[in-house]
Structure formats: structure tokens, C-alpha cells
Amino acid sequence: RFPIRKGDGLEVIDAWRVEHSHHKSPTKGGIRYSEMVNEDEVMALAALMTYKCAIVNVPFGGAKGGIKINPKSYTVAELENITRRYTVELVKKNFIGPGIDVPAPDYGSGEREMSWIADTYQTMNPGQLDALGCVTGKPIALHGIAGRREATGRGVAIAVRECVSVAEDMKALGLTPGLAGKRVIVQGLGNVGYHSAKFLAEFGAIIVGLCEFEGAIYNEKGLDIDEVFNHRKASGSILGFKGAQKEFKKSLEGLEQPCDILVPAALENQITEENVVRIHAKIIAEGANGPTTPGAEEMFVKQGGIIIPDMYCNAGGVTVSYFEWVQNRLGFKWTRDRVNRRSDRIIKTAFENVYKTSQEFNVTMRIAAYMVAIDKVAQTYKYRGGY
């Protein structure tokens, strides 16, 4: 907890940083800026990061951070003050550093906030050559990496593409293999949602629905993601978009429209036992962390649906973050093409491992993902003499 000056008064900010596992160092995980942040959520997300890193085989333990604010309620100067003060607290507590704990963007934060963190850490550690490796998701001008901005969304699209390429599973769902012509609804037009939709469309899917907090739009013939994005940027809302056949003031209604694939890429607990019965999609690809409640997942799978779990589906971001961290520590840069090729290969390999485990033990993709991840963490502890 720390005070900041806001207007003519003072405000005390609540913030957290959780390190879940030190089986590998440094620990890694994003920082979210949200009024809904609480200690239990940050702890749960830190655990998820441990398993996410293990799934894609990057050498990090799991961590997560959160600042309990609504960024829209603060000026840029106030946000910078909050971010820099948060970073100072992390430095004081030895909770940040290239070999200790490496934050990244999450919900409500981005390149700008990572720049403030990197600059603050570098200022407090003069002469440290790899100081900028203390955080990832930085702008290119501050030694970020080409492809990081779209990495999570691209990873979601690749995960979906790999899933729908399994002919036997698609036959059971009444679908043809491949993404061509598949109808997709995406929730969230932030970094993850926008790039998920963008790459899915590039791979041949049709984006029929988009949902944001102010409402949702739908067109069975398809929506142009860039046109919708520009409309929202100009008007402040996706509602009123001329290319929409239907629009809904209740955002969650958008999830219940006809489609083949649903990509919740916003917040957690969006698909619940109450609304899962109205979901038309046969595949849910979790671009967000924890968008499906356990009860809803059980019901959806019993109906024959497939869920591509968050810990694998949105791991493209931490994969490219690893490349950025390596670059910062070694002092050289990779091209975007090289980054994409390497991350694509890692995500494909992760899918193969998870899918093989799910078939071998006849379990859901989520349980299979946990089995793969926990086994990797356990092996590391074993060879370090943990048990």
C-alpha cells in the first residue's frame, strides 16, 4: 500500500506482486490494472503462470502483479506516478530484476507502463548492462522485440488452427477440418482480442461477432475487424457500426449468437453455468485467463464441446516475452520473421504434447495441460533435490 497525490489530496493505492514458484528463475508474469484486482486473484494467476511457462517450456517460474485502480479514472501523469512508485516498492522488496522477477503487460497495462517500469528500475540500478531485461512488453525503441504486441493473439489463432486440424475431432463436432469458413465470435477488442480476430481472419475464418463492455455486434456474413476497431476509436463504442446486422447493449448476449468458435479474450468468469446452455459455439478458445467457470466447462464438455485451455491457448505472449528477455540479456535483436517462426514452432509442439496426453489418458484438454505442466515442474524439483 502506498500513497499518491491525486488532485488536491492523497489516495492510498493497494497493489500486489505474487511469486508462485521458484523451481526456475526468474519468475514471470504480467501486471494488471483493474478495480477488480484482489490478492486471491493475483495468487491464482501467478500459479497459472507457473504452468503456462512449463507448457511452452520457457525457463521461468510463475508470478503475477496487480494494482487496484481503474486506469480511466487517472490522468497520464497520475498513472505514471502510480507505476513508478509500484516499481520502487518492488525494487525495495527484491521483487523485480532480470534474474529475479520479470513483469509484463496484462489487462489495463501496455507498452507505456512497461517503459515507466524499465526506466525506474534502470535509474535505481545504474551500470547494470541487462537492466532493461527487468520487464518485457516494452516498445521497440526501448529494446522491446518485434512481434511482442501481437504475440498473444497470434498464439490464440495458432492454437485454434492446430485444434481444428484434427479431422477426427472435427467430424465428432459436425465440422470440417481447417479454419476456412469457420464462424468466430471474439469477446474483447483489446490487444489479445484484436490480434486473435486479425490472425484468425488471415487464416481463413469469418469473424461474425465482436463483443466489448459497451455491447456487441453481429453479422453472419462477417465483420471487418479493422473497420470495427476504427469505428470504436472514433465513436467510443462498437455499437452503431454500419456493417452490423444485429447489435446488443448487453455484451454477454453477443456470446450467445450462432458461431463455430468462441474466443473470450477479455476477463475471467464470462462463461458460466447460467449462460453456457445458450452458447452455440462448439469450440471455446480461452484467449483470456479463466474466462470459463469450472461448472460451465463441465456442462460444455458433456455437450460434446472442446475447450482450448487458457494456460496453453494464450501462452504465445510469454513465449515471445522470453525471446525479449533473452535479447535484453545478450544484447542482440531478432527479426520479426525469426520471432514468429520460433514461437509458432513452440506453440505447435505444446499443442501436440497436450493433445497426445488428452488422448492417452482420455481427459479434457485442460486436465491434459495441467498433467504436462505439473510433470515438468515436478521433474525440475526432483533433479534439484526437492524430493
Side-chain angles (χ1 to χ4, degrees), residues 71-72 107-108 110 147 149-161 163-164 170 173-267 270-271 275-276 278-288 291-292 305 308 313-314 316-317:
K72 295 179 180 179
Y107 181 82
R149 187 177 299 173
E150 64 267 28
T152 306
R154 181 182 175 85
V156 171
I158 292 170
V160 174
R161 187 178 67 184
C163 178
V164 300
M170 293 305 102
L173 294 177
L175 300 173
T176 56
L179 266 174
K182 297 288 188 300
R183 301 167 300 162
V184 179
I185 292 176
V186 177
Q187 182 194 36
L189 259 183
N191 183 48
V192 178
Y194 171 80
H195 287 107
S196 296
K198 188 82 173 166
F199 285 107
L200 284 167
E202 282 187 20
F203 295 160
I206 303 169
I207 309 302
V208 295
L210 292 166
C211 312
E212 258 295 347
F213 72 90
E214 71 270 10
I217 57 175
Y218 183 86
N219 187 331
E220 61 182 8
K221 295 181 180 178
L223 296 163
D224 186 301
I225 183 69
D226 285 321
E227 288 183 7
V228 175
F229 184 83
N230 291 331
H231 167 79
R232 186 170 190 254
K233 191 174 181 179
S235 67
S237 172
I238 60 174
L239 300 178
F241 178 64
K242 291 182 179 179
Q245 289 178 337
K246 301 177 184 177
E247 62 177 45
F248 310 91
K249 291 186 177 179
K250 291 184 179 179
S251 179
L252 290 179
E253 288 186 45
L255 306 181
E256 301 166 6
Q257 304 310 304
C259 69
D260 302 308
I261 301 166
L262 175 61
V263 182
L267 291 171
Q270 298 299 293
I271 302 170
N275 68 358
V276 71
R278 298 189 295 275
I279 299 292
H280 290 262
K282 296 178 180 178
I283 299 170
I284 295 175
E286 295 185 330
T292 312
I308 308 174
C313 191
N314 63 32

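Counting from 1, the numbers follow the sequence of the chain as shown. The analysis underlying the following values was restricted to heavy atoms, covering all of them including side chains, and did not include hydrogens, waters or symmetry mates.
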Peer 1: May I have all residue pairs that pass salt bridge (charged side-chain N to carboxylate O under 4.0 Å, His left out) and include part of residues 233-243, sequence neighbours excluded?
Peer 2: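 For residues 233-243, and leaving out neighbouring residues, there are no salt bridge (charged side-chain N to carboxylate O under 4.0 Å, His left out) pairs at all.
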Peer 1: With sequence neighbours left out, write down each residue that passes ring pair (Phe, Tyr, Trp, His ring centres under 6.0 Å) with Phe241, or none if nothing qualifies.
Peer 2: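 Checked Phe241 against ring pair (Phe, Tyr, Trp, His ring centres under 6.0 Å); matches are His231.
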Peer 1: For Arg161, enumerate each residue passing the side chain to side chain donor-acceptor pair (under 3.5 Å) test, keeping only those at least two apart in sequence or located in another chain.
Peer 2: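 Testing Arg161 for side chain to side chain donor-acceptor pair (under 3.5 Å), a comparison that skips the adjacent residues, returns none.
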Peer 1: What residues form a side chain to side chain contact (heavy atoms under 4.5 Å, CB included) with Ala205, not counting sequence neighbours?
Peer 2: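 In terms of side chain to side chain contact (heavy atoms under 4.5 Å, CB included), with neighbours along the sequence ignored, Ala205 is linked to Leu179, Val184, Leu200.
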Peer 1: Excluding sequence neighbours, so at least two apart, what forms side chain to side chain donor-acceptor pair (under 3.5 Å) with Gln245?
Peer 2: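 Only Asn219 meet the side chain to side chain donor-acceptor pair (under 3.5 Å) criterion with Gln245.
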Peer 1: If you look only at pairs with a residue in residues 177-187, which of them pass as a salt bridge (charged side-chain N to carboxylate O under 4.0 Å, His left out), with sequence neighbours excluded?
Peer 2: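 Non-adjacent pairs meeting salt bridge (charged side-chain N to carboxylate O under 4.0 Å, His left out): Arg183-Asp260.
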Peer 1: To check you understand the geometry: which heavy-atom pair defines the closest contact between Ile238 and Leu210, and what is its length?
Peer 2: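 So the minimum-distance heavy-atom pair works out to CD1-O, 3.6 Å.
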Peer 1: Please list, chain by chain and in numerical order, all residues satisfying ring pair (Phe, Tyr, Trp, His ring centres under 6.0 Å) with Phe203, sequence neighbours excluded.
Peer 2: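 So Phe203 forms no ring pair (Phe, Tyr, Trp, His ring centres under 6.0 Å) with any residue.
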Peer 1: Looking at residues at least two apart in the chain, or sitting in another chain, which of them share a side chain to side chain donor-acceptor pair (under 3.5 Å) with Glu214?
Peer 2: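 In terms of side chain to side chain donor-acceptor pair (under 3.5 Å), with neighbours along the sequence ignored, Glu214 is linked to Arg232.
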Peer 1: Check Asn314 against Ala288 and note the closest heavy-atom contact, atom names and distance.
Peer 2: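 Nearest heavy atoms, Asn314 then Ala288: ND2-O, 3.3 Å.
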Peer 1: Report the residues that fulfil side chain to side chain donor-acceptor pair (under 3.5 Å) with Asp226, sequence neighbours left out, ordered by chain and then residue number.
Peer 2: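 Asp226 satisfies side chain to side chain donor-acceptor pair (under 3.5 Å) with Tyr194, Lys198 once adjacent residues are dropped.
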Peer 1: Looking at every non-hydrogen atom in both residues, tell me the closest pair between Ala216 and Leu239 and how far apart they are.
Peer 2: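 Smallest heavy-atom distance, with atoms named: O-CD2, 3.8 Å.
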Peer 1: Heavy-atom distance under 4.5 Å between the side chains of Ile217 and Lys246, does that happen here?
Peer 2: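 No, side chains not in contact.
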Peer 1: Which residue pairs pass the side chain to side chain donor-acceptor pair (under 3.5 Å) test when at least one of the two sits in residues 249-258, sequence neighbours left out?
Peer 2: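 Every side chain to side chain donor-acceptor pair (under 3.5 Å) pair that includes a residue of residues 249-258, provided the two are not neighbours, is Glu256-Arg278.
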Peer 1: Write down the atom of Ile207, the atom of Ala197, and the distance for their closest heavy-atom approach.
Peer 2: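 In terms of heavy atoms, the two residues are closest at CD1-O, 3.7 Å.
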Peer 1: Quick one: ring pair (Phe, Tyr, Trp, His ring centres under 6.0 Å) partners of Phe248, sequence neighbours excluded?
Peer 2: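 With sequence neighbours excluded, Phe248 shows a ring pair (Phe, Tyr, Trp, His ring centres under 6.0 Å) to no residue whatsoever.
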Peer 1: On a heavy-atom basis, which atom in Gly287 and which in Val192 lie closest, and how many Å separate them?
Peer 2: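 Minimum heavy-atom separation between Gly287 and Val192: O-CG1, 3.9 Å.
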Peer 1: Can you tell me if Glu247 uses its side chain to pair, donor with acceptor, with the backbone of Gly240 under 3.5 Å?
Peer 2: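 Yes, the answer is positive, given that a donor and an acceptor are paired below the 3.5 Å cut-off.
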Peer 1: Could you pull out the closest heavy-atom pair between Gly222 and Ile206, with the gap in Å?
Peer 2: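 Closest approach of Gly222 to Ile206, heavy atoms only: CA-CG2, 3.6 Å.
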